[in-house]
Each structure stands twice: as C-alpha cells, then as structure tokens.
Amino acid sequence: MDTRIGFGYDSHVFKPGVPLHIGGLKLDHPEGLAGHSDGDVLLHAITDALLGAVAAGDIGSFFPPGDPRWKDADSAIFLNLAMEELHHAGYRIVNLDTTLILAAPKIGPISEEMRARVADLLDVEMDQVSIKAKTPEGLNLDHVAQCHAVVLIERVSEPDDLKSMSEVIESQRQLEDVVEDLLSSVHGVPKKRGAPVYDTEDIT
Ligand code: MG
C-alpha cells in the first residue's frame with residue numbers, strides 16, 4: 001500500500017467577546033479564539049496535516065494572515081483547499097487523529113458531534129476521525145488553545161494531469177487569481193480584475 005503521513009500543529013489565544021469556533025462548530029463559551037480567520041485551531045491543524053502529507057506547503061502559503069479577504073473567514077475554506085490538493089495528488093484519507101489542548105470548554109461532551117462535523121467536512125466516515133482533548137497541566141497556558149493532528153493517506157489513483165494549486169502558484173499574481181476564484185466559488189463574491197500592471201520604466 002502506497003501511504004504517506006502528515007502532521008499539523010496550531011495554537012490560538014483566547015479573547016473575550018468573539019465567538020468560539022472549534023472543529024467547524026460554534027461553541028457556547030464566553031471567549032473565542034483570536035485569529036485573522038475564525039480561529040478554528042482544530043481545522044487549521046488538520047489543514048496543515050493534509051497539506052504536509054502531500055508536501056504541498058502549509059496554510060500560510062495559501063492564505064497569508066495579513067490578507068483582508070481572510071478576515072473572519074470560515075476555516076472550512078482552508079480545509080476544502082487541502083482536500084483538493086490531496087485529491088490532485090491521487091490520495092484519500094485513511095484516518096485522522098487529533099489532540100486538542102485547552103483548559104475550557106470541556107470537549108468530551110461534544111466530541112461526538114465534533115467528530116461528525118469534521119468527518120462531514122472531509123467526506124469520510126466518523127470512524128476515520130479521532131478527536132481527543134487534554135488540559136494544559138503544568139504549562140501555564142490556560143489562555144491558549146493548541147491542537148496537534150496526524151493524518152494517514154493512501155494512494156488511490158495517479159496524480160491528476162491538471163497541476164495542483166501549489167504547482168500552479170508560481171507568482172503573487174497567480175496567487176491573487178486563485179484566491180479570487182476561491183472567494184467567488186465559496187461566497188459568490190464577483191471576481192474583480194485589476195487594471196493592467198505597467199512597468200513605469202516603459203511609459204515615460
Ligand atoms: Mg491558526
């Protein structure tokens with residue numbers, strides 16, 4: 001069996017007054033996770049594990065944190081892109097194991113709902129998804145949520161003839177086009193085409 005492994009890690013600090021998103025669920029809690037996107041620490045770690053498994057870069061290379069278009073973005077967008085990279089490379093998920101590290105809220109009572117949501121987002125069965133949680137004993141990190149994710153993937157077909165996004169993106173200009181395509185497909189945001197870029201040396 002042709003298999004590969006991927007690992008992802010992420011951390012976000014808790015912040016009052018923002019909604020808490022973990023594992024694609026909105027949780028009832030007085031604080032949320034600060035971030036440029038919705039701060040979903042679990043989905044970010046899984047995204048990096050998937051991208052890492054096919055050596056396609058990381059979440060920051062596709063979605064720079066300073067880009068205003070990803071402000072408060074639904075992290076399912078990031079996961080979708082990682083799944084596209086996986087499929088382009090000709091692989092599918094065998095199983096996924098994750099560990100959340102946070103002082104509160106308790107994940108145990110909602111872990112089954114979270115597994116179901118993550119399995120749905122990844123289009124796999126629930127028994128392929130494991131979500132565990134620990135408290136940060138002795139780390140003095142009660143104000144932070146961390147997540148580790150490991151994914152095993154197996155080859156199911158030859159890589160697509162079409163290039164994956166990580167191969168296509170060779171310039172900032174091409175990255176802009178990919179980002180606009182993603183935005184228009186997910187949010188129905190109309191594509192905006194900027195004015196042609198002229199080299200000012202040539203129009204003096
Ligand atoms: Mg993150």
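Hydrogens, waters and symmetry mates are skipped; everything else that's a heavy atom, side chains included, is used. Please read all numbers here as calculations on a predicted model, not as lab measurements. All ligand and atom numbering here is 1-based and tracks the order in the structure.
Members clustered with Leu141: Val13, Leu139, Val144, by chain and number, using a 4.5 Å side-chain heavy-atom cutoff among hydrophobic residues.
Sorted by first then second residue, the salt bridge (Lys or Arg N to Asp or Glu O under 4.0 Å) pairs that include residues 128-151, not counting sequence neighbours, are Asp97-Lys132. Sorted by first then second residue, the ring-ring contact (aromatic ring centres under 6.0 Å, His included) pairs that include residues 30-51, not counting sequence neighbours, are His12-His44, His44-Phe78.
The closest donor-acceptor contact from the side chain of Gln128 to the backbone of Val94 lies under 3.5 Å.
When all heavy atoms are compared, the tightest approach of Ala53 to Ile153 is CB-CD1, 3.6 Å.
Tested against Met83, the residues Ile93, Val124, Leu121, Asp123 include a single side chain to side chain contact (heavy atoms under 4.5 Å, CB included) partner, Ile93.
Around the Mg ion (ligand 1), the protein contributes the following N, O or S atoms under 2.8 Å, ordered by chain and number: Asp10 OD2, His12 NE2, His44 ND1.
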